**Student:** 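Just dropping this structure here.
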Amino acid sequence: MNDTALVDQVSTYSPNVNKERLELAFQFAKKSHGSQKRASGEPYISHPLEVAEILADLKLDEDTVIAALLHDTIEDTPATREEIDKLFGEDVGALVEGVTKLGKLNLITKKAEQAENFRKLLIAISSDVRVLLIKMADRLHNMRTLEYVKPSTRKRISEETMDIYAPLAGRMGMQWLRDELEEHSYRWLNEEAYFTLTQKLSEMRKKNKGLIQEIEEELRTKLKESGYNAEVSHREKRPYSIWRKMDHKQISLEQLSDIYGFRVIVKSVDECYRVVGMAHTTWRAVPGRFKDYISNPKQNDYRSIHTSIVGPRYQRVELQIRTREMHRVAEYGIAAHALYKDDSLAQTPPLTSQNKMASSSAYQWLRRLVDQLLEGDNPEEFLEHTRLELFHDQVFCFTPRGSLIALPRGACAVDFAYAVHTDIGNKCVGSKINGRNMPLRTILRNGDEVQILTSDAQTPQPSWERFVITGKARSSIRRATKETRRNQYYEIGEMVLARAFQRIEKVFEVSKIESSLHRFPHTNANDVIVAVGRGELPSSDVLSAVYPDITQEVVQRRHAATEGTKLTPEDGWFNFAKVVGLKFRLTPKSSKNPDPLQSLPIRGHRDGFAVDYTVGHALPGDRIVGIVMPGEGINIYPIQSPLLEEFDDELDRWVDVTWDIDENDQTRFMSRIMVSAVNEPGCLAQIAQLVGDANGNIHNLKMIVKGVDYTEMQIDLEVWDLKHLTEIIAGLKGLSVVSKVDRILT
Ligand code: MN
């Protein structure tokens with residue numbers, strides 16, 4: 001065993017490395033550990049050597065690699081801090097001592113002690129974050145070789161890794177490290193589940209082998225055709241993250257859509273957006289899956305664009321699009337800042353790697369944490385606080401009785417209600433968060449105490465579906481609203497039929513449909529009535545089925561006699577409105593001036609009543625008109641929408657509507673714009689940046705024309721209202737690369 005590979009590895013990224021010093025460190029460690037053996041039976045020196053190699057893979061500086069070689073000498077051998085200081089300098093000595101102190105901390109113990117130890121851990125790593133990097137590499141190698149230690153130790157180390165080190169790695173932005181640490185811990189903490197999942201995955205892998213290569217190949221071809229020199233690779237989700245997702249969303253392995261993801265690495269930020277545009281034009285984008293972490297980076301510096309498309313073989317596929325630099329940060333996190341790879345920065349004064357890392361936001365998080373720690377005096381409270389922060393994809397809330405409810409980040413009070421019990425969710429009418437009355441849609445924060453107010457008269461509201469994020473809440477709401485909506489259609493059908501029977505001087509009774517059920521495709525009378533309510537089955541068809549001897553002519557004539565006249569409040573749609581608690585006025589088209597006093601106030605999705613503004617891209621602030629869609633609800637259009645022409649001859653479907661948006665309503669509305677931009681490096685990035693800064697959200701992006709000099713793209717934008725959109729359009733027009741911006745209403 002020797003250190004040749006290590007020295008070579010360090011020389012590749014650090015040509016001026018002092019090879020003799022590295023060699024000396026290796027020999028010193030080897031001599032100090034002497035005949036010591038690892039649990040695997042290997043000579044002990046194999047461990048510090050591998051730890052040093054892990055850090056060299058992260059391209060860390062010479063001192064860190066040397067300290068890694070020496071990291072167990074003070075603890076386990078006669079070597080002393082003084083000796084190390086003398087041979088390798090005080091920097092290395094301090095690193096080794098820091099790691100040694102960390103090693104003595106038992107992080108999974110009694111609460112008070114654990115808190116105190118965690119406090120020490122943070123202080124140690126905040127003085128020099130490289131201590132943490134060495135400790136992490138040490139832990140990683142120990143986890144890789146955990147099968148050799150006895151089961152009870154295995155379990156304790158795995159718990160500690162899962163609870164402390166893996167989230168810490170994630171928080172530092174070192175995603176691969178977090179993944180691998182979690183993988184090993186999961187394996188030893190849930191051996192059976194791990195084994196089953198691994199097996200299933202390998203079956204799936206065999207089955208999908210051709211598919212993955214096909215998709216990857218097609219991606220490559222399309223990118224090349226479009227002139228991008230991009231790297232494409234695929235990744236498979238690891239058992240632990242699959243398990244976590246299945247557990248969170250309560251879904252099966254087969255339902256997971258993103259087991260396979262593809263990564264596209266391009267040259268510039270601008271190309272990232274161009275590739276998204278290309279992908280969305282070539283394949284169908286899966287709605288709601290576009291995430292722009294470039295203009296809105298994650299807390300740990302992660303930047304990338306995520307989107308899902310329906311791929312070549314109608315398979316949902318996740319794409320992560322990023323530059324090489326973003327990729328480096330995504331993989332190495334805080335360690336990515338350790339070395340400059342860019343000589344153009346040589347102007348600035350040379351920084352030590354410690355200083356460079358200090359500039360990353362992951363490090364600043366750590367600093368803040370330590371500052372808080374030094375100010376506070378209750379270690380237990382601090383630990384709770386910190387550990388909650390570490391689990392950054394979860395929030396922990398409490399019931400009034402103090403039970404802990406863990407929810408995915410972004411969950412709201414309704415999610416909480418369903419997490420407590422389905423009945424509580426179904427009947428919730430309000431919430432008190434930390435003692436204050438808050439809307440049910442309020443997003444919960446760590447430590448919130450949530451009291452759910454319920455009422456027996458309440459039923460789940462379809463509008464909740466727009467803000468709940470847990471699978472349990474979503475499926476319960478769906479189930480319940482399906483029923484409610486069906487009941488409403490039934491009531492409408494009943495009224496429409498009563499009216500139709502009345503026209504031919506008969507009385508409507510359900511039994512009349514039952515006795516002529518053989519003339520309907522439906523299996524029972526209820527279904528017939530619901531179909532009428534939905535507008536799928538004309539009432540005249542029901543009449544001729546129930547009274548076959550009444551000629552179609554009579555039915556039609558009777559019907560025609562009442563047509564043509566203005567609808568009266570007894571008519572179907574008016575009653576429909578009454579059923580769902582709305583009041584609106586039917587207006588002839590000539591009066592395109594809505595009368596605010598008599599208009600239908602529109603706010604969010606009406607409960608049990610579908611109001612759709614997306615078809616016409618209507619925004620609060622637009623003057624709007626509603627079109628009744630039989631069986632569906634009302635579509636809202638801006639008054640100037642070209643789509644309204646289609647309804648010119650159907651005056652009785654026009655409804656006056658006005659906006660009634662609560663100022664605190666956080667609903668975003670979808671708008672669409674067409675942007676013409678000069679084909680210039682960075683132009684797309686500028687556009688995305690402007691939209692992000694203006695608090696808009698790009699929902700989708702499509703290249704419509706891709707000329708040599710200019711690009712025309714359609715952007716779907718989520719905004720608060722017309723004013724917000726107008727501001728963004730004005731901002732875009734102010735960019736020198738943008739030549740034209742138009743709002744699109746189709
Ligand atoms: Mn060690």
Side-chain angles (χ1 to χ4, degrees), residues 1-3 5-6 9-10 22 25-58 60 62-81 83-84 87-88 91-108 117 120-121 124-125 128-150 152-166 168-169 172 174 177-178 180-181 184-185 188 335:
M1 194 160 309
N2 62 56
D3 62 340
L6 177 68
Q9 168 76 351
V10 178
L22 269 182
F26 175 75
Q27 293 304 342
F28 181 84
K30 197 174 167 187
K31 199 180 92 217
S32 302
H33 287 293
S35 58
Q36 287 172 3
K37 293 262 192 294
R38 292 275 289 169
S40 62
E42 281 189 281
Y44 198 89
I45 186 66
S46 65
H47 168 65
L49 183 60
E50 298 229 26
V51 173
E53 277 170 357
I54 291 169
L55 292 163
D57 282 341
L58 291 171
L60 285 172
E62 190 179 312
D63 277 358
T64 310
V65 176
I66 288 177
L69 285 169
L70 307 175
H71 82 269
D72 278 331
T73 54
I74 296 185
E75 170 88 36
D76 299 335
T77 78
T80 61
R81 163 88 196 255
E83 260 180 287
I84 293 174
L87 284 167
F88 304 99
D91 267 4
V92 173
L95 285 173
V96 177
E97 195 174 277
V99 180
T100 308
K101 279 186 185 155
L102 284 190
K104 288 188 180 143
L105 296 181
N106 182 358
L107 295 167
I108 305 278
N117 284 345
K120 284 182 192 153
L121 168 97
I125 59 188
D128 190 334
V129 81
R130 290 177 297 176
V131 170
L132 176 64
L133 295 176
I134 299 170
K135 181 68 201 167
M136 294 276 201
D138 176 41
R139 177 52 57 102
L140 178 61
H141 185 245
N142 286 337
M143 290 305 291
R144 281 177 182 170
T145 51
L146 206 58
E147 60 188 300
Y148 300 107
V149 308
K150 61 175 193 266
S152 60
T153 314
R154 220 185 260 164
K155 188 133 184 158
R156 181 180 58 78
I157 298 210
S158 296
E159 265 171 25
E160 192 184 75
T161 304
M162 193 63 119
D163 277 7
I164 308 278
Y165 289 104
L168 207 47
M172 298 283 106
M174 302 162 83
L177 180 60
R178 179 188 188 159
E180 194 179 334
L181 288 175
H184 292 301
S185 311
W188 297 116

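We count ligands from 1, going down the list as the structure has it; atoms in each ligand are counted the same way. In this text the structure is predicted, and so the values were computed from the model without any measurement.
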**Student:** Check all N, O or S atoms of Asp138 and name the one closest to the Mn ion (ligand 1).
**Tutor:** OD1
**Student:** Quick one: angle His47 NE2 - the Mn ion (ligand 1) - His71 NE2, to the nearest 10°?
**Tutor:** 90°
**Student:** Per the side-chain hydrogen bond (donor to acceptor under 3.5 Å, both in side chains) rule, which among Glu42, His71, Gln36 passes with His47?
**Tutor:**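 Exactly one option meets the side-chain hydrogen bond (donor to acceptor under 3.5 Å, both in side chains) with His47, and it is His71.
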**Student:** Output the atom name for the N/O/S atom of Asp72 with the smallest distance to the Mn ion (ligand 1).
**Tutor:**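 It is OD2, the N, O or S atom of Asp72 closest to the Mn ion (ligand 1).
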**Student:** Let me confirm one number: the CG-CD distance from Leu6 to Glu50, rounded to the nearest 0.5 Å.
**Tutor:**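 Reported value, rounded in 0.5 Å steps: 11.0 Å.
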**Student:** Which heavy atom of Arg139 sits nearest a heavy atom of Ile157, and at what distance?
**Tutor:**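 Smallest heavy-atom distance, with atoms named: NH1-O, 3.6 Å.
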**Student:** To check you understand the geometry: which heavy-atom pair defines the closest contact between Phe28 and Ile84, and what is its length?
**Tutor:** CE2-CG1, 4.2 Å
